[in-house]
Amino acid sequence: MFGTRAAALIVALIGVFTLVQPATAAPFIVTEAQFNRMFPNRNAFYTYAGLKSAMSSFQFANQGSDTVKKQEFAAAMANFSHETGGLVYIKEINQNGDYCDETKPYGCPAGTRQYYGRGPIQLSWNFNYKAAGDYIGQNLLGNPNLVSSNATIAWRTALWYWMTQNGPGTMTAHNAMVNSRGFGQTIWAINGSLECNGRNPGQVESRVSKYRQFTGIIGVTPGGNLYC
């Protein structure tokens with residue numbers, strides 16, 4: 001039998017050990033089953049694991065209430081779905097476009113026609129490959145095919161744009177969602193100059209419809225200001 005002092009020491013040590021145990025991780029905001037329901041015909045390249053890995057580098061869908069987090073996730077996936085035909089296409093169908101801005105000092109080392117759309121956001125143009133690559137620590141300017149051959153890199157380029165780029169809008173898509181500015185502002189950030197203000201209402205409606213579908217799947221209200 002332990003003495004009184006020994007027993008007290010053991011109890012104290014157990015208490016300290018309990019205090020230093022890591023907290024149990026909160027469940028991911030969207031389950032793999034829900035993700036699969038969003039994209040029943042997706043290309044196997046676009047993995048749930050790759051998305052979760054990419055998200056570890058960003059505060060994407062990780063700010064605000066659970067409602068805001070789920071709305072942001074649904075908003076991003078709706079726009080990515082629109083860009084890729086439901087996460088079917090990895091590369092842009094028409095790969096003959098010249099997306100090389102040769103006024104940039106770094107030029108287009110992979111070739112002037114090698115910066116066509118790739119990945120969930122269909123990353124295009126040499127300057128976007130350069131900026132995204134610098135941000136995530138990959139030489140995408142020199143090797144743009146990394147975006148179409150590595151699922152985590154592909155997702156990271158999409159989240160880079162979502163989190164950091166205003167595009168033709170006045171705010172990032174991320175800020176639009178976490179500050180309750182509405183899904184319509186995310187369209188502005190991605191393709192507003194071609195779709196918003198009545199330029200292409202069919203494309204806008206397609207994005208909004210997908211957003212409503214996805215919020216329904218993950219059980220959250222879509223909020224207001226859906227159109228741009």
Side-chain donor-acceptor contact under 3.5 Å, E205 with Y227: yes
Compute the ring centroids of Y48 and F35, then answer whether they are less than 6.0 Å apart. yes
Please check this pair: side chain of Q114 against backbone of P144, looking for a donor-acceptor N/O pair closer than 3.5 Å. no
Is the shortest heavy-atom distance from the side chain of F183 to the side chain of I187 under 4.5 Å? yes
Would R207 and E83 pass as an ion pair if we require N to O under 4.0 Å? yes
Is the closest basic N to carboxylate O distance between D134 and K130 below 4.0 Å? yes
Would you check if the side chain of Q165 reaches a backbone N or O of W162 as a donor-acceptor pair within less than 3.5 Å? no
Using 30° and 60° as the class boundaries, would you call the ring planes of Y135 and F58 parallel, tilted or perpendicular? parallel
Is the side chain of N43 donor-acceptor paired with the backbone N or O of F45 at a distance under 3.5 Å, no angle test? yes
Side chain of S149, backbone of N145: donor and acceptor closer than 3.5 Å? yes
N/O donor-acceptor pair under 3.5 Å between S193 side chain and N191 backbone: no
Atom pair OG (S57) and CD1 (I136), whose distance is rounded to the nearest 0.5 Å: 8.5 Å
Interatomic spacing from OH in Y115 to CG in L123 - rounded to 0.5 Å: 11.0 Å
Output yes when a side-chain donor or acceptor of N166 lies under 3.5 Å from a complementary backbone atom of T172, and no otherwise. yes
Consider only side-chain heavy atoms of I, L, V, M, F, W and Y, link residues closer than 4.5 Å, and tell whether V68 and V220 are in one cluster. no
Measure from the side-chain N and O atoms of R113 to the backbone N and O of N96, and report whether any donor-acceptor pair falls under 3.5 Å. yes
Does G142 offer a backbone N or O that forms a donor-acceptor pair with the side chain of N139 under 3.5 Å? yes
Check: Y106 ring centroid to Y129 ring centroid under 6.0 Å: no
When you compare the side chains of W188 and E195, does any donor N or O come within less than 3.5 Å of an acceptor on the partner? no
I'd like to know if E32 and K52 make a salt bridge, using a cut-off of under 4.0 Å between side-chain N and carboxylate O. no
Run L51 and R156 through side-chain contact (heavy atoms from CB on, under 4.5 Å) and show every step you take. CA-CA 8 Å; L51 172 59; R156 289 181 75 192; over 6 Å; no
Under 4.5 Å between side-chain heavy atoms, counting indirect links through other Ile/Leu/Val/Met/Phe/Trp/Tyr residues: same cluster for M55 and W160 or not? yes
Would you check if there is a donor-acceptor pair between the side chains of H174 and Q63 at a distance under 3.5 Å? yes
Can you confirm whether more than 12 heavy atoms, excluding those of Y116, are under 6.0 Å from its OH atom? yes
Just checking R42: does its CZ atom have more than 12 heavy atoms from other residues, nucleotides or ligands closer to it than 6.0 angstrom? yes
4.5 Å side-chain heavy-atom contact, W155 and Y46: yes
Any side-chain heavy atom of Q203 within less than 4.5 Å of one from H82? yes
Pair N79, T186 - check side-chain contact (heavy atoms from CB on, under 4.5 Å), show working. CA-CA 8 Å; N79 280 296; T186 73; 3.1 Å; yes
Taking it one step at a time, do M177 and Q185 satisfy side-chain contact (heavy atoms from CB on, under 4.5 Å)? CA-CA 8 Å; M177 296 309 297; Q185 286 295 326; over 6 Å; no
Could you grab the distance from atom CG of L141 to atom CG of N128, nearest 0.5 Å is fine? 11.0 Å
Do I93 and Y89 pass the side-chain contact (heavy atoms from CB on, under 4.5 Å) test, and can you show the C-alpha distance, the side-chain angles, and the key distance before you say yes or no? CA-CA 8 Å; I93 296 174; Y89 297 105; 3.9 Å; yes
May I ask you to decide if M171's main-chain N or O and N175's side chain share a donor-acceptor pair within less than 3.5 Å? no
